[in-house]
Amino acid sequence: MKKLLLALMFFSLIFVTTSVLLAEEKSNTNLSAQAVPALYTNSGTGNQVEKILNPGEIKFFEQIKKMGNSLYGIRKNIENKQEQNKPQMSKASSTKTDLEKIANPSEIKFFEQIKKIGTALWGIRKQNAVKTIEQKPIFIKSLTVPCVKDAIIKKDASSSAVISLHAQNQITGINNRTACQTAALEKMSGQEQFEANKICINDFKTSVQSTNEMLNKSKNEIWNIYKNDLKQCSEMQKENTSSTLEIVSPEDNGEIMINDGNEEGPEVK
C-alpha cells in the first residue's frame with residue numbers, strides 16, 4: 001500500500017511540474033509576440049519584424065533589439081537604398097536613362113552627371129561619346145587616285161599654314177607680354193606696378209583666346225573643304241565605274257573618306 005501511495009505521489013509531482021513549465025513557456029511566447037512589435041511601432045518603416053537567427057545575419061538588419069535571449073530587427077532594404085542613391089537624370093541634358101558605373105578614370109570624359117556612390121563613380125554616358133567612325137573600305141581606282149591625292153595635299157598644306165600662323169601669333173603675344181611686364185616695373189609704386197601688370201595679363205589672355213578661336217575656325221573650314229573635295233572624287237569614281245563594262249564590287253561604290261586622325265580632335269582653348 002505504501003508503494004502504491006508513493007507511486008501516485010511521484011506521478012502527481014511530475015504532472016504538476018510539467019503543467020507549470022508549459023504554462024510559463026506559453027506566457028513567455030505570448031509576451032514576446034506582443035512586446036516585439038511594440039518596440040517598432042514608431043519606426044515608420046512598415047517592414048516586418050524578424051527574429052535574427054544567427055550572429056552572421058546581424059549586418060542585414062537595423063533597429064535591432066534584444067527580447068529575452070533572442071535578437072529581433074527589421075531587415076534592411078538594400079536594393080531600394082541603392083536605387084534611391086542613384087542620381088536622377090536631367091531630361092534636358094540627355095535622353096539615355098541608363099546609369100553606368102565608370103570602369104576607370106580614363107572613361108570619365110565619356111560621361112556626364114557624374115556622382116560618387118560608395119567607392120565608385122557613376123554617370124550617364126554622353127550620346128556623342130558612343131559615336132564612332134565606321135566606314136566601309138572603298139577601293140580608289142587609278143582614275144580617281146590623282147583627285148584624292150590632290151585633296152590630301154591641299155588639306156595638309158592648309159593645315160600647316162594655319163598652324164604656323166597660330167604659332168607666330170602666340171609668339172607675338174608672348175613678346176608683347178614681355179615688353180608690357182618689363183615696362184610695368186618702371187612704375188614708381190607697388191600699386192602702380194600691380195595695376196600695370198594686371199593690364200599685361202589681361203591683354204595676353206585676350207590675345208591667346210583670339211588666336212585659338214582663329215585656329216579652330218580655320219581647322220573646321222579646312223576639314224569641310226576636304227570632305228567636299230573627296231565627295232567630288234567619289235562622284236568621279238562612280239561615273240568612271242558606270243561607263244565601263246568591268247564588274248562592280250561593293251568596294252567600288254560609296255563615298256570616299258580618308259581619315260587623318262584630326263577631324264574629331266579637341267579644340268584648342
Side-chain angles (χ1 to χ4, degrees), residues 40 42-65 71-137 155 159 162-163 166-167 170 173-174 198 201-202 204-224 226-227 257-269:
Y40 299 92
N42 295 325
S43 64
T45 62
N47 295 332
Q48 185 176 359
V49 178
E50 298 181 37
K51 181 179 179 179
I52 303 175
L53 300 179
N54 59 73
E57 292 189 355
I58 291 177
K59 60 185 177 181
F60 300 119
F61 289 82
E62 58 187 355
Q63 301 187 38
I64 300 171
K65 305 213 175 193
L71 292 177
Y72 292 82
I74 296 176
R75 188 176 293 275
K76 295 178 181 178
N77 195 341
I78 298 175
E79 292 182 359
N80 288 342
K81 287 187 177 182
Q82 289 180 343
E83 190 68 25
Q84 292 173 359
N85 288 334
K86 287 184 179 180
Q88 297 296 320
M89 186 196 65
S90 173
K91 294 181 179 179
S93 63
S94 174
T95 58
K96 189 173 177 63
T97 58
D98 293 336
L99 186 69
E100 297 183 38
K101 182 179 179 180
I102 302 175
N104 56 72
S106 63
E107 293 189 357
I108 290 177
K109 60 186 176 182
F110 300 123
F111 290 83
E112 59 186 354
Q113 301 186 39
I114 299 171
K115 292 194 176 182
K116 187 174 183 181
I117 303 177
T119 58
L121 291 177
W122 296 72
I124 305 295
R125 185 178 290 274
K126 297 178 182 177
Q127 286 184 316
N128 60 357
V130 296
K131 180 181 177 182
T132 57
I133 302 173
E134 296 181 359
Q135 294 169 339
K136 296 180 180 179
K155 169 182 63 69
S159 297
V162 298
I163 291 174
H166 176 262
Q170 293 282 58
I174 292 173
K198 281 176 58 178
I201 298 303
N202 289 334
F204 176 72
K205 289 182 177 179
T206 301
S207 173
V208 170
Q209 181 178 358
S210 176
T211 56
N212 288 342
E213 289 176 354
M214 186 183 304
L215 174 63
N216 292 327
K217 181 179 179 182
S218 298
K219 285 172 57 180
N220 290 333
E221 290 176 352
I222 292 170
W223 184 252
N224 289 332
Y226 175 61
K227 290 193 295 184
M257 173 54 66
I258 300 178
N259 297 321
D260 63 1
N262 291 317
E263 70 280 3
E264 290 190 355
E267 292 186 348
V268 178
K269 296 182 179 179

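For this chain, numbers begin at 1 and follow the sequence in order.
- Taken to the nearest 0.5 Å, the CD atom of Glu100 stands 11.5 Å off from the CD1 atom of Ile114.
- By the salt bridge (charged side-chain N to carboxylate O under 4.0 Å, His left out) test, Lys198 is found to be paired with Glu195, residues two or more places apart in sequence or in another chain being considered.
- Atoms CD1 and CZ, on Ile102 and Arg125 in that order, are 9.0 Å from each other to the nearest 0.5 Å.
- Here Ile58 contributes atom CD1 and Ile64 contributes atom CD1; the two are 5.5 Å apart, rounded to the nearest 0.5 Å.
- Between Val49 and Phe61 the shortest side-chain heavy-atom distance does not fall below 4.5 Å.
- Between Thr206 and Gln209 the shortest side-chain heavy-atom distance does not fall below 4.5 Å.
- Distance alone, capped at 3.5 Å, places no donor-acceptor pair between the Lys227 side chain and the Met257 backbone.
- Under the side-chain contact (heavy atoms from CB on, under 4.5 Å) criterion, Glu221 pairs with Lys217, not counting sequence neighbours.
- For the pair Asn212 and Gln170, the minimum side-chain heavy-atom distance is below 4.5 Å.
- Atoms CD and OG1, on Glu213 and Thr211 in that order, are 9.0 Å from each other to the nearest 0.5 Å.
- Between His166 and Val162, every side-chain heavy-atom pair lies at or beyond the 4.5 Å cut-off.
- Within the 4.5 Å cutoff, the side chain of Asn54 has heavy atoms near those of the Glu57 side chain.
- Side-chain contact between Lys155 and Trp223: present, with at least one pair of heavy atoms (C-beta onward) separated by less than 4.5 Å.
- In plain terms, the two heavy atoms of Gly173 and Ser207 that are nearest each other are CA-OG, 3.9 Å.
- Atoms CD1 and OH, from Ile258 and Tyr226 in turn, are 5.0 Å apart once rounded to the nearest 0.5 Å.
- Of the options Glu50, Lys65, Lys51, Gln63, a side chain to side chain contact (heavy atoms under 4.5 Å, CB included) to Tyr72 is made by Lys51 and by none of the others.
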